[in-house]
Amino acid sequence: MVRITCGVVCVESQVEPDQASSCGSRACNDLVASSRDGKPSALVQVSVIDPRKQHVICHGCTEIVEASKDPLFLTGVTFPSDYPACPETLVKLTVFDAKDKNQEPSCFLGSATFAVSDLLRAKDERLALSLKSSDGVSTAGTVVVSRLKMGEMEEADIDYISTEKTSHKCPVVCDSASHASITRENNPLTGPVFKNPICKVYRFQTADSKWMLVREQMEECTLSFSVPKQLLSLYIQEDTSRVQDLRELGELSPHWDNLRKEVMTRYGGIISSYQETLTELDKITGHSFKPSCCKAQKSLEFVPINLHTQRMRVTCPRKTDASYDIVTAGAPAAHFQGFKCGGLHRLLSRYEAEKKSFSTAYQCIYYSPEHTAKAQEVLGTVDLLQPLIVSLADQLLQAAQEHSSPGLQDALKNLSDKTEQFVHTLKDELVKSALLALHAARPGYVSKSQKQTPSQGGQRPGHNHQSSGQNQSPAQGLPGHSPTTSINESGTVCNNVEGSQTTARGEGGPLKHQDSIPHHKEYDEEEWDRVWASVAKRLNCVIAMVDQLREEDNSKPEPVPEQQLADVITSHNPGDWREQLHPLVTKLKDCVTEVVEKAKRAMTFVLLQEAACSLPQGFHLQQRRDVVFSQALATLACGFVMRLYAGMQDKGFLRQLHQVGLVAQFESLLSTYSEEIGMLEDMEVGIADLQKVVFQITEAQTDDLGDLEPLVRGRRDHFTVQVPLPRLVFQVLPEEIREGKPLRVFPVLFNVGINEQQTIAERFGDISLQERINQRNFEILEAYFKLLSEKVPTECLPCFQTQTDIKELLETLGQNVVTKKRKNVEILWIAGTICRRLNGIRFTSCKSAKDRTSMSVTLEQCALLRDEHQLSKDFFIRALDCMRREGCRIENVEKNIRCRKYAFNMLQLMAFPKCYRPPEGTYGKVDS
């Protein structure tokens, strides 16, 4: 890195001296003022002169330092290693007296020019240059240029920096105008996922008067778009499959057939909408993030808002380099759909309460969310296991064909494991009761009472009970309100659509619709048990035959007379292994197919009833949940990949990863007032839904960057994110990870509102939502730590300078969670510290991840410098203001709204905790 300093200019380079590209951050001494007061407000513009083409290219500029003859600039301009520079390249520094670099005209003070080769050949790699005025003769001041590399710190104090005011002895920052990283080429994994980096470099003083070098790097993530597009494709595929399953239910009574058609129409609408959104996303090229100003755009509603990664790398004298990562994104929320009626948590609670009455109106059974989830789980599991069982059965026959006893044993073990898993999945009363409900929904269904009607005093069919087939509810054929209630001793099934009230009526009075409940003779409830159990019986037959074949093979006699040998061959011919196994394996596969067909019809009917009694709000909620989950998963996948790449050489981290999993800690700064309540309710559900996600590390087919893009597989009840790695990287991973072991994440969410709306909520509103979220997620975090402590030694966790025990931190966090304290941001600080101590993944969010998030990220970075790297107390506020004024976060603001202003006003900031307030001149009223 080259540091141009006359106060200071920093320049950064990855290449060797003969290939060096350079960068700059500047300061000036003894400037000649253009105004009478003699103290210019200086700004330095950095330009590059191409010696071959002889034209000047403006490369960047500093901030304005007001009223100083010896200004020390915080910002500089970095020339990355891939910048088209050579030793002959000339760098021109032009100093202006300016009031506002964006608006008012500036007055030229002086300029200096140097060649990169001059700097590299200079003694101590430092140049002292004079600033020439417009006449080319007079001196307008001086500038010093020096070279500094990341990772090579100077031990001595920088005594050559002189400023007029102590307050101007500030940190130095270099900014990458071409957005290139210092170390990107050292990590081949970054290319396919992380793009468009912006780099800032600072020099801060430590408590022992040494100097640390700090580099911020912010990048976009391609998963912002690739994950939503993959999810949309999976949603379309799942819903299309669901429509096909509904068609294959067979003939239903008119009532149920009409409901089926209506549900299929709704699914068709969702599929059409998702296909349209996917088409629009496919048209977008070149972008890797969604700006905050597009948060309510329909075609981008599945894309996370302003998703970026940020890494802070710290180099200190006589200390190992350290890196700290964080992922920032807008809160996962359905902005296009709005928050007039609240967010997902409130809407789902209301929906579940109302669904019971809907089930009565539509003559359906009320299925709880757990039953619906179970039905989806069964469908997903049988779809996965059936082809796997068939494949393993074929492998067994192949081993038999080859007369391989070890191969036969291995194939049988795998087949047994998967078949037992298959049988266990279907050992559920929900399947059994759903088959009975489906039977009752067939046309021409005749109940027990209807058959007995002629002998009951001539009562007309249809009187006091449902007419046959037309409006028959499967609930009348199910054992009670719950789909898993057992059959009563009298041999009839209790109809209890409205819960325990029906049971009470059954004890003291006539049961409504009781006479329309089917008798066991009309439907053999034991049929499912027989079919389901037959799978295990067929598997036992196969196991017995394999054992017999292997036993006979092991007991094969030593060479005997020819006649005896002929008898042995006649009784057991090795070539007969496949022939003896084939009919048994075929029966097993046929039995599995029969069970799958019945189970799929039963579970499809469960989902049909759930969908029918929730029209239309159930489908609207599903779409909202899909949108929120898509944003949350893209954010999580980004963080997981970043954490994985950073920990590839850490054996303790990899052990923790496959033995327990990682905690993913989401920090939210949303208020519990107005629309942000709905955003927080959406976010809560979206983060909780991440519990159904696992990760899997795979070996990339090639080393091409396109083959390293993470892939999403699965369906709504369970998703797997596959992260491919190059072959050489993949081979050094632990065996468990290489074998494809699912890697878990434990998402936790902590929220503390900090703005003026939170002030209103705390004084006049309700903050119970925030309290409940923090309490619940504290319990999850505490349980994770307990699990981690049982399975992973503490040596696997990272070392920090602060020696506070994690248990003590958890106790402090628990106390803060239950303490009634306004804007208790200590909850966020402690949760973030615990996350880093546990090797976790850190996320920070607000409405758009732009303003409040920037305040939080910069505060956390400076706190880490203070606690872990002895940042001087005198430099803390200066470092904080420097990062907020000139660092990566203000660049993020500009990327989003084309303006370098945080969207705060003075009134809002009065309500902020002091440490979350930006420096003067960096905020104002803007469209965000």
Side-chain angles (χ1 to χ4, degrees), residues 378 380-428 431 527-599 658-659 696 698-699 731 733-742:
V378 170
T381 303
V382 297
D383 282 344
L384 175 67
L385 290 180
Q386 183 189 13
L388 194 56
I389 290 173
V390 171
S391 175
L392 291 172
D394 291 339
Q395 291 179 23
L396 182 71
L397 293 178
Q398 182 62 32
Q401 178 71 31
E402 297 170 355
H403 199 269
S404 170
S405 182
L408 203 64
Q409 183 178 5
D410 292 341
L412 179 63
K413 181 180 183 304
N414 293 333
L415 178 63
S416 299
D417 290 344
K418 295 304 176 184
T419 306
E420 288 172 5
Q421 182 182 349
F422 175 82
V423 171
H424 178 74
T425 299
L426 298 175
K427 188 180 181 181
D428 196 288
V431 182
E527 179 188 0
W528 169 249
D529 291 333
R530 289 194 298 271
V531 174
W532 161 73
S534 65
V535 176
K537 292 178 182 178
R538 298 300 181 190
L539 176 63
N540 289 334
C541 292
V542 173
I543 293 173
M545 177 56 69
V546 170
D547 289 343
Q548 179 183 335
L549 294 176
R550 295 183 66 245
E551 182 179 351
E552 292 176 358
D553 187 62
N554 293 333
S555 61
K556 187 174 181 178
E558 297 295 326
V560 294
E562 294 183 3
Q563 183 59 46
Q564 287 182 314
L565 182 59
D567 292 341
V568 172
I569 294 175
T570 301
S571 63
H572 173 55
N573 189 338
D576 291 338
W577 277 23
R578 179 183 175 89
E579 294 179 10
Q580 295 183 62
L581 273 175
H582 187 270
L584 298 178
V585 170
T586 300
K587 289 180 180 178
L588 173 63
K589 292 195 290 187
D590 291 344
C591 192
V592 167
T593 300
E594 180 184 3
V595 169
V596 167
E597 290 175 354
K598 288 182 176 292
H658 73 78
Q659 287 191 350
Q696 192 176 45
T698 61
E699 182 178 355
Q731 288 176 346
L733 294 174
E735 182 180 0
E736 294 86 349
I737 296 179
R738 284 187 280 112
E739 290 178 350
K741 181 177 181 180

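- Between Lys741 and Gln659, the shortest heavy-atom distance links the atoms NZ-CA, 4.2 Å.
- Screening Thr419, Leu396, Asp547 for a side-chain contact (heavy atoms from CB on, under 4.5 Å) involving Val542 leaves a single residue, Leu396.
- Going from atom CG of Leu384 over to atom CD of Gln421 covers 7.5 Å, rounded to the nearest 0.5 Å.
- Annotation for Lys418: atom NZ does not count as buried by contact number, only 12 or fewer foreign heavy atoms lying within 6.0 Å.
- Of the residues listed (Val585, Leu588, Leu388, Val390), the one engaging Leu415 in a side-chain contact (heavy atoms from CB on, under 4.5 Å) is Leu588, and it is the only one.
- Summarising the geometry, atom NE2 belonging to His658 is positioned 10.0 Å from atom CG belonging to Leu733; distances are rounded to the nearest 0.5 Å.
- Within the model, atoms CE of Met545 and NE2 of His582 stand 13.5 Å from one another, a figure rounded to the nearest 0.5 Å.
- In this structure, Val431 and Leu426 approach most closely via the heavy-atom pair CG2-O, 4.3 Å.
- Minimum interatomic distance between Arg578 and Leu397 (heavy atoms only, all atoms of both residues): NH1-CB, 3.3 Å.
- Within 6.0 Å of NZ in Lys589 there are more than 12 heavy atoms belonging to other residues, nucleotides or ligands.
- Distance check: Glu402 CD to Trp577 CH2 gives 11.5 Å after rounding to the nearest 0.5 Å.
- In terms of heavy-atom proximity, Cys591 sits nearest to Val531 at SG-O, 4.0 Å.
- Ion pairing of Asp590 with Arg538 is absent here, as no side-chain N (NZ or NE/NH1/NH2) approaches a carboxylate O to less than 4.0 Å.
- Here the CG atom belonging to Leu385 is positioned 11.5 Å from the CG atom belonging to Asp417, to the nearest 0.5 angstrom.
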Quiz item: So Val423 and Leu539, side chain to side chain contact (heavy atoms under 4.5 Å, CB included) or not? Walk me through it.
Solution: CA-CA 11 Å; Val423 171; Leu539 176 63; over 6 Å; no
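- Taking CG of Asn540 as the start and OG of Ser534 as the end, the distance is 11.5 Å to the nearest 0.5 Å.
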